[in-house]
Number of protein chains: 4
Amino acid sequence: MSGVKARNDKRKQILAAATRVFARKGFYHSKVSEIAAQAGVADGTIYLYFKNKDDLLVQLFEDTMDRILSGVRTALDGCTEIRQKIHLFIAHHLQLVQSDRDLAEIITVELRQSHKFMKEYANPKFGEYLQIFANIVQEGQDLGVIKAEINARVVSRALFGALNELFLYWLMGRGKFTLDEAIRNIDEILLGGLFVEHTSPCHR
Amino acid sequence: MSGVKARNDKRKQILAAATRVFARKGFYHSKVSEIAAQAGVADGTIYLYFKNKDDLLVQLFEDTMDRILSGVRTALDGCTEIRQKIHLFIAHHLQLVQSDRDLAEIITVELRQSHKFMKEYANPKFGEYLQIFANIVQEGQDLGVIKAEINARVVSRALFGALNELFLYWLMGRGKFTLDEAIRNIDEILLGGLFVEHTSPCHR
Amino acid sequence: MSGVKARNDKRKQILAAATRVFARKGFYHSKVSEIAAQAGVADGTIYLYFKNKDDLLVQLFEDTMDRILSGVRTALDGCTEIRQKIHLFIAHHLQLVQSDRDLAEIITVELRQSHKFMKEYANPKFGEYLQIFANIVQEGQDLGVIKAEINARVVSRALFGALNELFLYWLMGRGKFTLDEAIRNIDEILLGGLFVEHTSPCHR
Amino acid sequence: MSGVKARNDKRKQILAAATRVFARKGFYHSKVSEIAAQAGVADGTIYLYFKNKDDLLVQLFEDTMDRILSGVRTALDGCTEIRQKIHLFIAHHLQLVQSDRDLAEIITVELRQSHKFMKEYANPKFGEYLQIFANIVQEGQDLGVIKAEINARVVSRALFGALNELFLYWLMGRGKFTLDEAIRNIDEILLGGLFVEHTSPCHR
DNA sequence: GATGAATGAGCATTCATTCAT
DNA sequence: TATGAATGAATGCTCATTCAT
């Protein structure tokens, strides 16, 4: 048992080191030897736990998605109101990236680097994550609360892109706004659109 | 005159080749010699027009932004209605990326790769592009058409992220939707939010 | 222990290969890959022991100077007579360059190539070597054996230049003389000048 | 006629530029394009006057040697006394290198760089230069003024090496002596050796 | 399992030289 | 003659990966 635990510890150590290094230097400018040094292991040791440098990024991503998935499920647990669910999903996402910047930067920026990931890597866990939001939307549509003409998958993608970009902007310190303000804005738009008045039947 | 023209032609040739190669292989997996071969010039010739490989990406981006900026300005020219302006901006963006996939992929994916670009490269033209949308929102707020509590910069960033992500999704062929459908969805949400009913005074 | 020894062995192997290659082709025409091949190691291995190609030359020089310094000190050890010391210094120098032509050629010719060496590299060990001769001259002056109007540093530089040039001439096979003959000539001149008669008081 | 003159002017311009650049950067770090720029001509123009970069150094050297040879011959012209001739030769050499440092640096340092020069280039004019000194020594021997056991060629080589090294030392600013002091020291030694007393017959 | 010395494929960049104008 | 844009061969160095210990 302790062997398995020790193995897991070392794997975590390496992933933690990789997170730090990838976030600071970017995937292509990170050296395996630097990750090894940061993790306090020999270069060769990394290859006992990971197939190669790419695998380090894949596993980093999958581990993270696991945590994110269980986190968002817990957050949504017990919530029944659709509007509330949507708010929680958004808030959870931004709190998440805020709580671990290194990790967030990798998910947001570095992951797009390797063609392995964007073109060859199917990325089922990311799909699962988006599906959670899509399911909320679908549920809302089934309940008649959300407009039927909305495509749930399109909206979840769009939402993810919006949140991601906002985080990136905030991360670079160029966006002069808080993530709380970002949440409020996104909530507001999803709730009632951009405009003050709308051509709803009640107006006539 | 022909010297200047020839010079410009060769520069364009190289940028076109770089676009193709970067889009297919990704920046870090693209070899300068392959770009040179594609452009029909010698390796060394590239360095007569560009400082280095990175510069190729920067100039590619700047050239493209110039075209995008003038394109969107032309598209918006003569349009006065705020809702219409917003629609045009969105439609223009998606038509643009649709019309040149290689270019779009670079702008969307590859540009985020180099730390040079994301961390050190200030990227004023991209800011200008977003500012166009932010200005429309601001104008709408001044006219009282758009909600005052919306932060124009946050919304323009979020919109860009949403459009970008949708394009990426569509590009990978995994999104089973057309870009037209994407436009409709985004329009719809911005116009009236996600929900069928809203807590507008008229309903009670 | 064996690790340290192995490390030292490999370093020596590489330096020996570098000596051979530099001597035959000259520093600027020597390829790192050729040195690696001669040393029976991979190209990259060289960079585990040396910072870069220049460093190879610097360390080659410093290692050699260490050996030369201890050699000449040993040779002079126990010798008290000034004339004898001077003779030993000269003889030692020429025997040295004669015993390892490759090394001698590098010290003599190649070292002057890189501006790093001539302009930026302070070269303290070479100074130490010359100082040994300067000290002998100084000692002779203190004892009243050597002319007081002689500048010890000027003479040691001049002597070094003379010996060096003679070696070079001999090396190229154009000088039709032996190094022994060279020693005799230099000795003779230092001892009593070029001329048969001198304006010494005893002549009148 | 003017064509020939113009041609000669441009050739001189280029050689002057090469002198400056070679002296400052060293032969291998000098770029043909920089020499062209300094000379105010196009890169290609250099190849109308010189076979290649090496040829630039060869011709630079040969032109210089021509001037040096006629200079030293003029200096010695009319002088009959052997001791005086030797003094003049030495003084002329050091005045020469002092008067044009760039040129002197090339002759002294850069010329040794290219294996072309040291190993393949016979360098007859340099031999001629040394021969002038050797002839003086020979003449002295024939007159019975200079020791018969001296090898004239060895001595002239040695003298050249000594003067060269002194100049180099002085050039680098590390030798805290004037070239005049250097001349006095060399003169003194050649005249009467290093030592105060010698085992000349008169002493017993 | 762990190490880290050794490997060697891979590649951006330089620059002497050419040649069409 | 003169130009200078174009060439493309040449090479130092990096770093992911391996494997003997």
Side-chain angles (χ1 to χ4, degrees), chain A residues 3-4 6-7 10-11 14 28-37 39-56, chain B residues 2-3 6-7 10-11 14 28-37 39-56, chain C residues 2-4 6-7 10-11 14 28-37 39-56, chain D residues 3 6-7 10-11 14 28-37 39-56:
Chain A
V4 170
R7 181 174 170 81
K10 198 154 278 188
R11 185 178 172 279
I14 294 169
Y28 283 100
H29 291 130
S30 296
K31 298 176 209 166
V32 172
S33 65
E34 194 182 345
I35 294 171
V41 300
D43 293 17
T45 305
I46 288 185
Y47 292 86
L48 297 175
Y49 295 86
F50 303 92
K51 204 151 44 76
N52 51 37
K53 193 184 168 189
D54 277 1
D55 190 38
L56 221 39
Chain B
S2 84
R7 182 173 170 81
K10 199 152 280 188
R11 184 177 174 279
I14 294 169
Y28 285 98
H29 290 128
S30 296
K31 293 177 237 165
V32 172
S33 64
E34 194 183 344
I35 294 171
V41 299
D43 292 17
T45 305
I46 289 187
Y47 294 87
L48 295 176
Y49 296 87
F50 303 92
K51 212 156 35 78
N52 50 37
K53 195 185 165 187
D54 276 2
D55 191 38
L56 221 38
Chain C
S2 83
V4 169
R7 182 173 170 80
K10 199 150 280 187
R11 183 177 175 279
I14 294 169
Y28 284 99
H29 290 129
S30 296
K31 294 178 237 166
V32 171
S33 65
E34 194 182 345
I35 295 171
V41 300
D43 292 19
T45 305
I46 289 186
Y47 293 88
L48 295 176
Y49 296 87
F50 304 92
K51 211 154 36 82
N52 50 38
K53 195 183 166 189
D54 276 2
D55 191 38
L56 221 40
Chain D
R7 180 173 170 83
K10 198 153 279 188
R11 183 178 174 279
I14 294 170
Y28 283 100
H29 290 130
S30 296
K31 298 176 210 166
V32 172
S33 65
E34 194 182 345
I35 294 170
V41 300
D43 293 17
T45 305
I46 288 186
Y47 292 86
L48 297 174
Y49 294 87
F50 303 92
K51 205 153 41 80
N52 52 34
K53 193 183 167 188
D54 276 0
D55 190 38
L56 220 40

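Letters A, B, ... mirror the listed sequences (proteins, then strands); counts begin at 1.
Residues of residues 44-52 of chain B having a heavy atom closer than 4.0 Å to DNA chain F, listed by number: G44(B), T45(B), L48(B), Y49(B).
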Represent DNA chain F in dot-bracket notation, 5' to 3'. Only Watson-Crick or G-U wobble pairs with both distances under 3.5 Å count; pseudoknot-style crossings use [ ] and interstrand partners use |. .||||||||||||||||||||
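Side-chain atoms of I35(D) and D43(D), non-hydrogen and from C-beta on, never get closer than 4.5 Å to each other.
In this view, K51(C) and D55(C) satisfy the side-chain contact (heavy atoms from CB on, under 4.5 Å) rule, not counting sequence neighbours. By the side-chain contact (heavy atoms from CB on, under 4.5 Å) test, V32(A) pairs with I46(A), Y47(A), K53(A), sequence neighbours left out.
Of all nucleotides in DNA chain E, those with any atom nearer than 4.0 Å to a heavy atom of chain D start and finish, going 5' to 3', at dC15(E) to dT18(E).
Note: CG (D55(C)) to P (dC13(F)) measures 10 Å, nearest angstrom. Spacing between atom CZ of R11(D) and atom P of dT1(F) amounts to 13 Å, rounded to whole angstrom units.
Under the 30°/60° scheme for interplanar angles, the aromatic rings of Y28(B) and H29(A) are found to stand perpendicular.
Closest-nucleotide positions on DNA chain F for D43(B) and G40(D) were compared, and the one nearer the 5' end corresponds to G40(D).
For the atom pair L48(D) CG and R11(D) CZ, the distance stands at 13.5 Å (nearest 0.5 Å).
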